Amino acid sequence: MGEQRGHPVLALLRARLEAQDRPGARHDQHRLGLAIQGGGMRGVISGGMLAALEDLGLGHAFDGLYGSSSGALNGAYSYAGDNWKQLAIYWEHLTDRRFIDPFRALTGSLIGLDYAFSYVISQAVPLNADAVLDSKVPLTVAVTLVDELRTEAVSTFQDRADLVAALRASSWLPLAVRGTATFRGRRAIDGALLTVHPYRLALLDGCTHVLSLSTRPHGPYQLPGRLLRSVQHRGLERLRPSLGARHLDALEEYVADRTVLSRRTTTPDGPPYVYDLAPPRPLHALEQSRPKLIAAATAARELTLQAIGGAA
C-alpha cells in the first residue's frame, strides 16, 4: 500500500483532515465523492469501511455520497454517526427469517422488505432521516425506473417518507421480491440493476476525486452462470421488455469497471481520480451467518484504517 500513499484521493483526504474544514466552507476547489457499493448482505463490508472513516475523523470530508441498495442505506445511516453500532443491524436483525427465508423463494418473496423497512428501519434501529435531509452533503440514491429503462440518481427528498421510498425502491431486488416498488408514481426496482457500481454516479455528478467502497474483492468479475442469467433475463423481460437485455449490458460494463477501478487505484491518471477499497475475501449477498458477517465487517474496517489511516 506504500506506493499508493501519494494517490490524489488519499492526499485530498489528508489535506481536509488537517484543515478540519466542513462542507460549504472548503479550502480547496475539489469535489470529493464517496461511492458506497451495496449488494444485499455484502453491504456489511462497505458499512465496516464507513465505520473506519468515522474513526479516522473523515466523516465531514466528502461533498457527496452515492449508493444503491444496502450501500445507499449504509450511506443514509452514516449521517447520524455511530456507524459501527448501527452496522450491527446486519447481524442482529437481518439474519432473522423475517428478512431472508429460502422457503419463500418459490413465492417470489425471498427477501422481506416489509420487515426491513416497517420494523428494522422504523422501530428497531430508526433511521435518522432529518440528519440526511438537513445535511449540506447530498445523498444520491440510485433507483432503476422500470418503464423508462434508466437509472434515476435521486439527491433531493421532500421529506422522510420520500427518502425512505427511494431507499426501499433502490433495495427492491427483482426475483427475490415480487413485482416492483413505486417511487414518485413510477415503477422502480434495485438501483444497481443498470448501474452496478455507484462510482459512475459520482463521476457523472462532477466529482474530481472519488473514494470507492467496493463490496467484492479486486480481480476479474465472473458473470453469473448461463442458467442463472437466463432466469434473470426472463424475469426482467416479464417486468418490462428490454429490461433483461439492459441488465446484461450493465453486467458486461461492470466487468470492464473492475479493471478500471483497479487501474485508477494503482496508477492514477485523472482527473477525475478514483481510489477503490475492496475486501480481501468474497461474501455472499444472502449471507446469514452472524460470525461471517461480523468477520467481514471487522476485516473491512481494519483494511480501511490501514489503507487510509496509514496514508494520512
Side-chain angles (χ1 to χ4, degrees), residues 33 35-43 45-46 65-75 111 140-155 166-177 179-181 183 186-205 207 210 212-264 272 274 276 278 282-286:
I36 311 166
Q37 190 174 29
M41 300 300 282
R42 280 195 297 267
I45 293 170
S46 53
L65 274 62
Y66 306 83
S68 60
S69 186
S70 55
L73 281 163
N74 288 344
I111 296 177
T140 296
V141 179
V143 172
T144 299
L145 298 180
V146 174
D147 297 303
E148 292 83 348
L149 290 176
R150 65 178 177 83
T151 301
E152 178 87 335
V154 188
S155 58
L167 293 169
R168 184 185 179 94
S170 187
S171 303
W172 198 284
L173 184 63
L175 306 185
V177 186
T180 70
F183 178 65
R186 295 177 291 183
R187 295 198 299 162
I189 53 176
D190 181 11
L193 195 80
L194 301 183
T195 304
V196 180
H197 200 295
Y199 92 97
R200 285 180 165 269
L201 303 178
L203 296 182
L204 287 171
D205 198 35
C207 288
V210 179
S212 166
L213 309 183
S214 289
T215 57
R216 286 189 173 98
H218 285 141
Y221 172 65
Q222 295 259 342
L223 289 171
R226 183 177 299 178
L227 177 59
L228 180 56
R229 289 204 308 271
S230 177
V231 170
Q232 290 176 335
H233 179 81
R234 289 199 304 269
L236 292 172
E237 290 290 312
R238 283 197 293 269
L239 284 180
R240 203 295 194 182
S242 297
L243 185 59
R246 290 288 186 90
H247 177 53
L248 289 177
D249 289 344
L251 289 179
E252 295 285 359
E253 189 176 69
Y254 179 55
V255 171
D257 279 346
R258 303 264 294 174
T259 300
V260 170
L261 285 168
S262 180
R263 175 177 53 78
R264 287 189 167 194
V274 180
D276 184 52
L283 186 73
H284 197 281
L286 301 178

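Start at 1 with the first residue, then count along the sequence. Keep in mind it's a predicted model, so treat the numbers as computed, not measured.
- For the pair Gly75 and Leu65, the tightest heavy-atom approach, listed with the atom from each and the gap, is O-CD2, 3.9 Å.
- Taking the side chain to side chain donor-acceptor pair (under 3.5 Å) definition, one finds that Arg264 meets it with nothing, sequence neighbours left out.
- Residue pairs that meet the side chain to side chain donor-acceptor pair (under 3.5 Å) test with at least one member in residues 65-75, sequence neighbours left out, are Arg31-Tyr66, Ser46-Asn74, Tyr66-Asp205, Asn74-Tyr90.
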Evaluation steps, side chain to side chain contact (heavy atoms under 4.5 Å, CB included), between Leu167 and Val141: CA-CA 7 Å; Leu167 293 169; Val141 179; 3.9 Å; yes
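- For Tyr199, the ring-ring contact (aromatic ring centres under 6.0 Å, His included) partners two or more places apart in sequence, or in a different chain, are His197.
- Applying the side chain to side chain donor-acceptor pair (under 3.5 Å) rule to Arg168 yields the partners Asp114; only residues at least two apart in sequence or on another chain are considered.
- Taking Ala250 as the reference, Val196 meet the side-chain contact (heavy atoms from CB on, under 4.5 Å) condition, with sequence neighbours excluded.
- For Arg234, the side chain to side chain donor-acceptor pair (under 3.5 Å) test picks out Ser230, with sequence neighbours left out.
- In this structure, OG1 in Thr195 is found 8.0 Å from CG in Leu204, a value given to the nearest 0.5 Å.
- Residue His218 holds its NE2 atom at 4.0 Å from CG of Asp276, rounded to the nearest 0.5 Å.
- Of all non-hydrogen atoms in Thr151 and Ala142, the two that sit nearest each other are CG2-CB, 4.0 Å.
- In this structure, Ser212 OG and Ile36 CD1 are separated by 10.0 Å, a value rounded to the nearest 0.5 Å.
- Scanning all heavy atoms of the two residues, the minimum distance from Val146 to Leu239 falls at CG1-O, 4.2 Å.
- Residues forming a side-chain contact (heavy atoms from CB on, under 4.5 Å) with Pro217 (at least two apart in sequence, or on another chain): Pro279, Pro282.
- For the side-chain contact (heavy atoms from CB on, under 4.5 Å) test, residues two or more places apart in sequence or in another chain that qualify with Arg258 are Arg216, Tyr221, Tyr254.
- Contacts of Asp147 classified as salt bridge (charged side-chain N to carboxylate O under 4.0 Å, His left out), with partners at least two apart in sequence or in another chain: Arg187.
- Remark: Thr144 OG1 to His247 NE2 distance equals 9.5 Å, nearest 0.5 Å.
- Annotation: side-chain contact (heavy atoms from CB on, under 4.5 Å) contacts of Leu145 (sequence neighbours excluded): Val143, Glu148, Arg150, Glu152, Arg186, Ala188.
- When all heavy atoms of Cys207 and Pro272 are compared, the pair lying nearest together is O-CB, 3.5 Å.
- Residues Val274 and Val260 have side chains not in contact (no heavy-atom distance under 4.5 Å, counting atoms from C-beta outward).
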Residues Leu286, Ile111; criterion side chain to side chain contact (heavy atoms under 4.5 Å, CB included); working and verdict: CA-CA 9 Å; Leu286 301 178; Ile111 296 177; 4.3 Å; yes
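- The structure places CG of Leu213 at 11.0 Å from CD1 of Ile45, a figure rounded to the nearest 0.5 Å.
- Between the CG atom of Asp190 and the OG1 atom of Thr180 there is a distance of 12.5 Å, given to the nearest 0.5 Å.
- Partners of Arg246 under the side chain to side chain donor-acceptor pair (under 3.5 Å) rule, at least two apart in sequence or in another chain, do not exist in this structure.
- Qualifying salt bridge (charged side-chain N to carboxylate O under 4.0 Å, His left out) partners for Glu237, counting only residues two or more places apart in sequence or in other chains: none.
- Under the 4.5 Å side-chain criterion, counting only non-hydrogen atoms from C-beta, Leu193 is in contact with Leu243.
- Shortest non-hydrogen contact noted between Leu248 and Arg229 is CD2-CD, 3.8 Å.
- Across Ser214 and Leu261, no two heavy atoms sit closer than the pair OG-CD1, 4.3 Å.
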